[in-house]
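Read through the structure below, which is laid out as structure tokens, and then see the notes.
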Amino acid sequence: MISNLVGTRIRALRSQRRLTQQQLADLAGIPRATLATAERDDANPSLAVAFKIANALGVVLDELVEESRERIQWRRSGEMRRIQSGDGVYRAVTVSPPNAFHFTQQTFQLDPDSFYQGRPHSPGSEEYLLILEGEVELEVAGERVLLGTGDSARFRGNVAHSYRNPGSEPARGLVTILEGMGGDGEE
């Protein structure tokens, strides 16, 4: 069971979205009476019910149970985590906002005529790659594709993958890692 300020938040979010109790209950796959009880704070909804309601409202569960929440999560450039491969040819900056536990975003630069072996992530992970400048040859589990400026790719992040810059200029890109179960998301 979870404590209730939940009812107030559910009512407010439902009102903002101009949904009736029945419409929200249908979206959440719960009986209208269960939703009404949760909104009135007559009983604490179970975690499963609160999760279904949050999903139906398009919010994370935290937004139903936290008393106040910063609407904008931000990080100053100087506070962003910087990483580098051992040979220095691959440099990345974690640009995702603080407390973004389910995903990690990094900008990266790969020196000309160089190679970087990515680290497989947790099972169920997906990785999205956008080339901002230059060319990167992406290899995933033996399959290769050459990506140029503006090109993007999506692949399973829990398999062997690497980046190679075949060009004579640095390549820059953005990688987004959606973590599966477990893992820290860092490249």
Side-chain angles (χ1 to χ4, degrees), residues 2 9 13 47 50-51 54-187:
I2 56 178
R9 294 289 298 137
L13 290 166
L47 187 56
F51 184 75
N55 280 340
L57 289 167
V59 299
V60 294
L61 188 58
D62 292 359
E63 290 189 49
L64 296 184
V65 297
E66 288 181 348
E67 196 158 342
S68 67
R69 181 182 174 125
E70 294 175 345
R71 294 292 177 210
I72 300 174
Q73 295 182 8
W74 54 278
R75 178 179 288 172
R76 297 272 184 220
S77 175
E79 299 169 345
M80 294 178 184
R81 182 170 183 241
R82 285 156 169 70
I83 61 173
Q84 179 173 305
S85 62
D87 59 6
V89 300
Y90 179 88
R91 292 168 300 286
V93 178
T94 301
V95 297
S96 47
N99 304 319
F101 301 112
H102 58 290
F103 81 99
T104 301
Q105 276 189 317
Q106 297 174 329
T107 58
F108 70 87
Q109 180 171 316
L110 186 58
D111 286 347
D113 194 31
S114 63
F115 173 85
Y116 177 72
Q117 181 68 49
R119 181 183 58 82
H121 306 287
S122 58
S125 298
E126 290 187 342
E127 196 161 325
Y128 298 83
L129 176 65
L130 171 66
I131 305 305
L132 301 172
E133 189 176 292
E135 291 182 329
V136 172
E137 181 183 74
L138 170 66
E139 182 174 345
V140 178
E143 184 179 332
R144 291 184 185 154
V145 63
L146 182 63
L147 303 168
T149 301
D151 293 343
S152 67
R154 173 184 156 265
F155 58 94
R156 289 187 356 248
N158 64 319
V159 297
H161 57 280
S162 63
Y163 309 127
R164 186 174 74 82
N165 178 354
S168 58
E169 298 293 324
R172 292 184 335 103
L174 174 70
V175 65
T176 302
I177 304 155
L178 299 180
E179 284 294 335
M181 299 300 286
D184 66 3
E186 293 299 326
E187 192 50 39

Original post:
Is the closest side-chain heavy-atom distance between Phe103 and Ser96 below 4.5 Å?
Top reply: yes

Subject >> Interatomic spacing from CG in Leu130 to OG1 in Thr149 - rounded to 0.5 Å >> reply: 9.5 Å

Original post:
What pairs meet the side chain to side chain donor-acceptor pair (under 3.5 Å) rule with one or both residues in residues 139-148, with sequence neighbours excluded?
Top reply: Glu139-Arg144

**OP:** If a pair satisfies salt bridge (Lys or Arg N to Asp or Glu O under 4.0 Å) and one of its residues is in residues 147-163, list it, with sequence neighbours excluded.
**Re:** Glu126-Arg154

**OP:** Taking side chain to side chain donor-acceptor pair (under 3.5 Å) as the test, write out the residues that go with Asp111, two or more places apart.
**Re:** Arg91

**OP:** Kindly state each residue pair satisfying ring-ring contact (aromatic ring centres under 6.0 Å, His included) with at least one member in residues 139-160, sequence neighbours excluded.
**Re:** Phe155-His161

**OP:** Please list, chain by chain and in numerical order, all residues satisfying side-chain contact (heavy atoms from CB on, under 4.5 Å) with Glu135, sequence neighbours excluded.
**Re:** Leu146, Pro166

Subject >> Partner set under side-chain contact (heavy atoms from CB on, under 4.5 Å) for Val145, not counting sequence neighbours >> reply: Leu138, Leu147

Original post:
Tell me, which pairs form a salt bridge (Lys or Arg N to Asp or Glu O under 4.0 Å) where one or both residues lie in residues 158-176, sequence neighbours left out?
Top reply: Glu133-Arg172, Glu137-Arg164

Subject >> From Gln109 atom CD to Tyr116 atom OH, the distance as rounded to the nearest 0.5 Å >> reply: 14.5 Å

Subject >> Counterpart residues, side-chain contact (heavy atoms from CB on, under 4.5 Å), relative to Pro120 (two or more places apart) >> reply: none

Subject >> side-chain contact (heavy atoms from CB on, under 4.5 Å), paired with His121, selected from Leu178, Thr104, Ile177 >> reply: Ile177

Subject >> Pro170 to Pro112 - nearest heavy-atom pair and separation >> reply: N-CG, 3.7 Å

Original post:
Taking all non-hydrogen atoms of both residues, which atom of Ile131 and which atom of Gly148 are closest, and how far apart?
Top reply: CB-O, 3.4 Å

Subject >> ring-ring contact (aromatic ring centres under 6.0 Å, His included) evaluation trace for Tyr163 with Phe115 >> reply: CA-CA 6 Å; Tyr163 309 127; Phe115 173 85; 9.1 Å; no

**OP:** Taking Asn165 for its side chain and Leu110 for its backbone only, find out whether a donor-acceptor pair lies under 3.5 Å.
**Re:** yes

Subject >> Contacts of Phe51 that satisfy side-chain contact (heavy atoms from CB on, under 4.5 Å) - sequence neighbours left out >> reply: Asn55

Original post:
How many angstroms lie between CZ in Arg9 and CG in Leu57, if you round to the nearest 0.5 Å?
Top reply: 9.5 Å

**OP:** Report the distance from atom OH of Tyr90 to atom CD of Gln117, rounding to the nearest 0.5 Å.
**Re:** 11.5 Å

Original post:
Can you name the residues that form a side chain to side chain donor-acceptor pair (under 3.5 Å) with Thr176, not counting sequence neighbours?
Top reply: Gln105

